[in-house]
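Below: the structure, in structure tokens.
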Amino acid sequence: MITAIVLIQAEADAIPDAAQAIADIEGVGEVYSCAGDVDLIATVKVSTHEDLADLIPGRIGKVPGVLNTVTHIAFRSYSRADTESAFSIGVED
């Protein structure tokens, strides 16, 4: 499974509708509106790089109000649960 984080710039008045339209696309996990250099951040999970290529420019990039996207592909996931489980290996309650 390929995970990507997509940074999205959108027209200001289109942000709510664009965010919902993006969230409704298959393969998109969450969409966050945010402050800063981008307007929306979406998490995406797909099976292949070809699926990613179809999803980002082919679907997300064509949502009305979307001006630009920048995609970051994730290599590895780190979470508190992973860290805590690693430290509890061999420890019984």
Side-chain angles (χ1 to χ4, degrees):
M1 187 66 66
I2 299 167
T3 301
I5 295 89
V6 184
L7 309 177
I8 304 162
Q9 292 179 327
E11 297 171 5
D13 60 343
I15 291 172
D17 291 334
Q20 188 59 59
I22 294 166
D24 291 341
I25 296 172
E26 185 176 343
V28 174
E30 299 85 22
V31 178
Y32 301 94
S33 62
C34 54
D37 295 339
V38 297
D39 302 302
L40 301 169
I41 297 175
T43 60
V44 171
K45 289 187 184 267
V46 294
S47 298
T48 68
H49 286 96
E50 290 79 13
D51 293 338
L52 194 61
D54 292 337
L55 181 65
I56 307 301
R59 309 256 341 257
I60 293 175
K62 292 183 178 176
V63 168
V66 170
L67 301 172
N68 188 39
T69 63
V70 175
T71 303
H72 296 269
I73 296 174
F75 294 126
R76 182 175 294 151
S77 172
Y78 298 90
S79 72
R80 178 176 296 238
D82 292 339
T83 303
E84 289 174 358
S85 67
F87 283 106
S88 66
I89 294 173
V91 177
E92 296 181 23
D93 291 330

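Listed here is the closest heavy atom pair of Ala14 and Pro64: CB-O, 4.5 Å. The two residues Ala42 and Val28 have their closest heavy-atom pair at CB-CG1, 4.4 Å. Nearest heavy-atom pair, Glu26 versus Arg59, reported as atom, atom and distance to 0.1 Å: N-NH1, 4.5 Å. Residues Leu67 and Ala10 approach most closely at CD1-C, 3.8 Å, considering heavy atoms.
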- Message: Does Ile22 form a side chain to side chain contact (heavy atoms under 4.5 Å, CB included) with Val6? I'd like the steps, not just the answer.
- Response: CA-CA 11 Å; Ile22 294 166; Val6 184; over 6 Å; no
- Item | Worked verdict on Thr3 versus Thr43 for side chain to side chain contact (heavy atoms under 4.5 Å, CB included) | CA-CA 7 Å; Thr3 301; Thr43 60; 5.6 Å; no
- Checking side chain to side chain contact (heavy atoms under 4.5 Å, CB included) for the pair Ile25/Val63: CA distance, chi angles, key distance, verdict? CA-CA 10 Å; Ile25 296 172; Val63 168; 4.1 Å; yes
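Summarising the geometry, atom CD1 belonging to Ile41 is positioned 9.0 Å from atom CD1 belonging to Ile5; distances are rounded to the nearest 0.5 Å. Going from atom CG of Asp54 over to atom OG1 of Thr48 covers 7.5 Å, rounded to the nearest 0.5 Å. With rounding to the nearest 0.5 angstrom, the OG1 atom of Thr69 is 12.0 Å from the NZ atom of Lys62. Atoms CG and OG, from Asp39 and Ser33 in turn, are 9.0 Å apart once rounded to the nearest 0.5 Å. Atom CD1 of residue Ile56 and atom CD1 of residue Ile8 lie 7.5 Å apart, to the nearest 0.5 angstrom.
In this structure, Asn68 contributes its side chain and Gln9 its backbone to no donor-acceptor pair below 3.5 Å.
Ile73 and Leu7 fall into different hydrophobic clusters, where Ile, Leu, Val, Met, Phe, Trp and Tyr residues are linked whenever their side-chain heavy atoms come under 4.5 Å apart, directly or through other members. In terms of hydrophobic clustering, with Ile, Leu, Val, Met, Phe, Trp and Tyr side chains grouped at heavy-atom distances under 4.5 Å, Val31 and Ile2 are assigned to a common cluster.
The number of heavy atoms from other shown groups lying within 6.0 Å of CG (Asp37) does not exceed 12.
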